[in-house]
Number of protein chains: 2
Amino acid sequence: MVENDKSTEKQILGAAKKVFLEKGFDGARMQEIADEAGINKALVHYYFRSKEKLFDAIFIEVFSRFFPKVFGAIFSDMSFEEKIAFFIDNYINLLAENSFLPVFIIHEINRNPDKIVGMMKNIGVDPKNLQFIFADIDKTKYKIADPRHFMVNMLGLCIFPFIAKPILKGLLFNNSDNEYKTFLDQRKKIITETVINSIRIK
Amino acid sequence: MVENDKSTEKQILGAAKKVFLEKGFDGARMQEIADEAGINKALVHYYFRSKEKLFDAIFIEVFSRFFPKVFGAIFSDMSFEEKIAFFIDNYINLLAENSFLPVFIIHEINRNPDKIVGMMKNIGVDPKNLQFIFADIDKTKYKIADPRHFMVNMLGLCIFPFIAKPILKGLLFNNSDNEYKTFLDQRKKIITETVINSIRIK
DNA sequence: GTCTATATGGCGATAGAC
DNA sequence: GTCTATCGCCATATAGAC
């Protein structure tokens, strides 16, 4: 059954993604992936030969999703302020729906730093594209001394509340998911204002 | 030899800290810890019974170091602006000297969220103390709508460049440690300005 | 392609000599 | 307290029947 082949392979990929995201490479078990996919452990090896190869197969996909897809917005006809607000809003939504994403990526890129550079270039990430974000900026209102700091600021402000989630929830919100969610929503506006403010000419 | 007892235990703790910080709990090996300590694997179990117990022994110490020690500065006679600048400067220095700290903490608190809350309270972390940072603030110049966002902003801006280090180095700095170091130094001023700016009344 | 059974190796932990 | 030797388990990976 050829259709079943594809279906099985995709089911393994889906299961592997879930388990790897939650447990990381070291914590993940091939048995758990097989169970999650509803098949036998040997079949996972039949399709992907090794844990490492299975991991690589999903890492690229997951990584490219984590690495901000601003580039769609960059070439749109939005104003600079709109682009920033659009990115922050969408990115926080994406992370909220994939809450394991940030911790997973951070742990794995630090566990195996060598893998990344080539992977990033394959995906088409190029810091030169940063310039386009600021192409149509109003230079009488804003001055960007260093676009790299601007980007790191924006990403840090977006991502940090997700990687510190257990601390924030336990310390500030009495483990309430609702309060945490509200906090994230508030941040969209706060981050936008903060980064825009940081480059505004006084 | 009683003195040798202490020395051995401390050597194990030092080795365990190094290995756990680099590899995380799942990635760490008791054999590697023993090698690093220059002793036998059985001796590690003799002192700490299990990997889990050894991990717990160092986690508290490492965690309490990661969680910002603002509290010394809070009750000093510095001005609000000086307190913020002081904290950011010292915290970035601390992280620069312990580069594995952020990724390790983030991974472990997400791997085992239940452990944290009690641990934080034991250390004496209390969000109510946040108020003291802003106690002597000049209310004609600044308005802090929500101290929690202020703190998350400041911590996120400080910590993010460390957890994203491999990406930043590979993507922006051609893997140059010097350029990365310079970037971190620049950030001290930038972060201070950004967070102060974000609460300034226009 | 999918399964059961098993090989192979590594790891945490313990026993026991010194 | 410190070591060598080993147990017992679990995880990755493969062999081989269907």
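A, B, ... follow the sequence lines: proteins, then strands. Residue 1 opens every chain.
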Worksheet item: Between B:I39 and A:A42, which has a closest nucleotide on DNA chain D that is more 5'?
Response: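 Result: B:I39.
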Worksheet item: Under a 4.5 Å cut-off applied to non-hydrogen side-chain atoms, are A:R29 and A:V19 in contact?
Response: no
So, is [X] near the phosphate of [N], with a side-chain N or O under 4.0 Å from OP1 or OP2?
{"X": "B:H45", "N": "C:dT14", "result": "no"}
{"X": "A:Y47", "N": "C:dT2", "result": "yes"}
{"X": "B:T8", "N": "D:dT2", "result": "yes"}

Within this structure, what is the [atom1]-to-[atom2] distance between [X] and [N], rounded to whole angstrom?
{"X": "A:Q11", "N": "C:dG1", "atom1": "CD", "atom2": "P", "result": "14 Å"}
{"X": "A:D35", "N": "D:dC10", "atom1": "CG", "atom2": "C1'", "result": "14 Å"}
{"X": "A:F48", "N": "D:dA11", "atom1": "CZ", "atom2": "C1'", "result": "19 Å"}
{"X": "A:I33", "N": "D:dT12", "atom1": "CD1", "atom2": "C1'", "result": "11 Å"}
{"X": "A:L43", "N": "D:dC18", "atom1": "CG", "atom2": "C1'", "result": "14 Å"}
{"X": "B:R29", "N": "C:dG9", "atom1": "CZ", "atom2": "P", "result": "17 Å"}
{"X": "A:K51", "N": "C:dG9", "atom1": "NZ", "atom2": "C1'", "result": "14 Å"}
{"X": "B:E32", "N": "C:dC11", "atom1": "CD", "atom2": "P", "result": "10 Å"}

Of the options [options], whose atoms approach the side-chain atoms of [X] most closely?
{"X": "A:K41", "options": "C:dT14, C:dG12, D:dA13", "value": "D:dA13"}
{"X": "A:Y46", "options": "D:dC3, D:dA15, C:dG1", "value": "C:dG1"}
{"X": "B:N40", "options": "C:dT4, C:dC11, D:dC3", "value": "D:dC3"}
{"X": "B:M30", "options": "D:dT14, D:dC3, C:dG12", "value": "C:dG12"}

Practice prompt. Could you tell me if the ring centre of B:H149 sits under 6.0 Å from that of A:F183?
Written response: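 B:H149 vs A:F183: aromatic centres under 6.0 Å.
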Worksheet item: Quick check, are the ring centers of B:F104 and B:F100 under 6.0 angstrom apart?
Response: no
Practice prompt. Look at all strands and tell whether B:A34 reaches a base, only sugar-phosphate, or nothing, counting heavy atoms closer than 4.0 Å.
Written response: nothing
Fill in: Presence of salt bridge, A:K115 and A:E52, under 4.0 angstrom
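Yes, charged N to carboxylate O under 4.0 Å.
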Fill in: Side-chain ion pair, A:D177 and A:K169, N-O less than 4.0 Å
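A salt bridge is present here (some side-chain N lies under 4.0 Å from a carboxylate O).
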